Each structure stands twice: as C-alpha cells, then as structure tokens.
Amino acid sequence: ALGVSVCAGAYFDDGFRRSLAFWGQAFPIYLHYEFVHQTTKNKTDEEIAAAFDKLHNFYAPIAKRICLDLRGFYLKTAQLASTITSTVPPQYMEWCTEMQD
C-alpha cells in the first residue's frame with residue numbers, strides 16, 4: 001500500500017517526484033560523507049582533509065548534475081551556496097558560482 005501511495009504521489013505531484021529524485025541520489029552521498037566522518041575521527045587533520053578532499057572531488061560533479069537535472073529550488077540553493085564562501089568546499093564552490101550566470 002505504501003509503495004502504491006509513493007508511486008501515485010510521484011506520478012501526480014511534480015514536487016514530490018523531484019524530492020524523491022533528489023533524495024534517491026543525495027542520501028547515498030550523505031551516507032558516504034558520514035561514513036568518512038566516523039572513520040576519520042582519530043586521524044590527523046591532514047588525513048581528514050585528504051579524505052574529505054577525495055569525496056569532494058568525486059561528488060561535486062555529481063551534485064552539479066543533480067542540480068542541473070532538477071533545476072528550480074536546487075539551482076537556487078546552489079546560487080545561495082556560492083555566496084557562502086567560508087563553508088562551501090572549493091570543489092563545490094567552482095560550479096555553484098557558475099550557477100550565478
């Protein structure tokens with residue numbers, strides 16, 4: 001019954017469909033970041049930075065594709081993120097800034 005409800009919601013409600021598409025792609029990325037966060041707790045700052053740099057390099061292009069595919073709210077969020085230079089990794093900042101054009 002739940003599966004039918006989800007399918008019906010995705011079919012009839014574009015916003016719900018876009019949310020499902022976003023979370024279906026973003027949640028595994030979040031889990032990978034959380035895994036690295038948990039497994040690097042006892043590492044040096046340099047090792048932690050290297051581990052997260054590797055994730056940023058891998059996932060930044062994927063996040064860009066997700067935003068471009070879903071458009072709307074997701075592009076606006078990328079535009080907003082491009083103005084917060086102190087907290088957004090450079091790999092993400094590079095393409096977020098492009099979204100201002």
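Since the structure is predicted, the reported quantities are computational estimates derived from the model, not experimental observations.
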**Q.** Closest approach of R71 to R18 (non-hydrogen atoms, all atoms of both residues)
**A.** O-NH2, 3.7 Å
Q: Could you give me the CA-CA distance, side-chain angles and deciding distance for F52 and H37, then say whether side-chain contact (heavy atoms from CB on, under 4.5 Å) is met?
A: CA-CA 8 Å; F52 277 96; H37 172 72; 3.9 Å; yes
Q | Proximity of H32 and Y59 rings by center, below 6.0 Å | A | yes
(Q) Any side-chain to backbone donor/acceptor pair from T44 onto E47? Under 3.5 Å, distance only. (A) yes
(Q) Looking at every heavy atom in both W95 and A60, which two are closest together, and how far apart are they? (A) NE1-O, 3.2 Å
Q) Between F27 and L31, is any pair of side-chain heavy atoms under 4.5 Å apart? A) yes
Q. Nearest heavy-atom pair of V88 and A81: which atoms, and what distance?
A. CG2-O, 3.4 Å
Q: Determine the minimum heavy-atom distance between Y74 and C67, stating which atoms define it.
A: O-SG, 3.6 Å
Q. How long is the gap from CG on L80 to CG on L75, to the nearest 0.5 Å?
A. 12.5 Å
Q: For Q100 and C96, indicate whether the former's side chain and the latter's backbone hold a donor-acceptor pair under 3.5 Å.
A: no
Q.
Working to the nearest 0.5 angstrom, can you tell me the gap between I29 CD1 and F58 CZ?
A. 8.5 Å
Q) To the nearest 0.5 Å, what is the distance between CD1 (I66) and CH2 (W23)? A) 10.5 Å
(Q) For the CD atom on E98, are there more than 12 heavy atoms of other groups (residues, nucleotides or ligands in this structure) within a distance under 6.0 Å? (A) yes
Q | Any side-chain heavy-atom pair of T85 and M93 under 4.5 Å | A | yes
Q) Considering only heavy atoms from C-beta outward, does the side chain of L68 approach that of R65 to under 4.5 Å? A) no
Q | Spacing of F35 atom CZ and T40 atom OG1 [to the nearest 0.5 Å] | A | 9.5 Å
Q. Hey, quick one: are L20 and F73 part of the same hydrophobic cluster, counting side-chain heavy atoms closer than 4.5 Å, chains of contacts allowed?
A. no
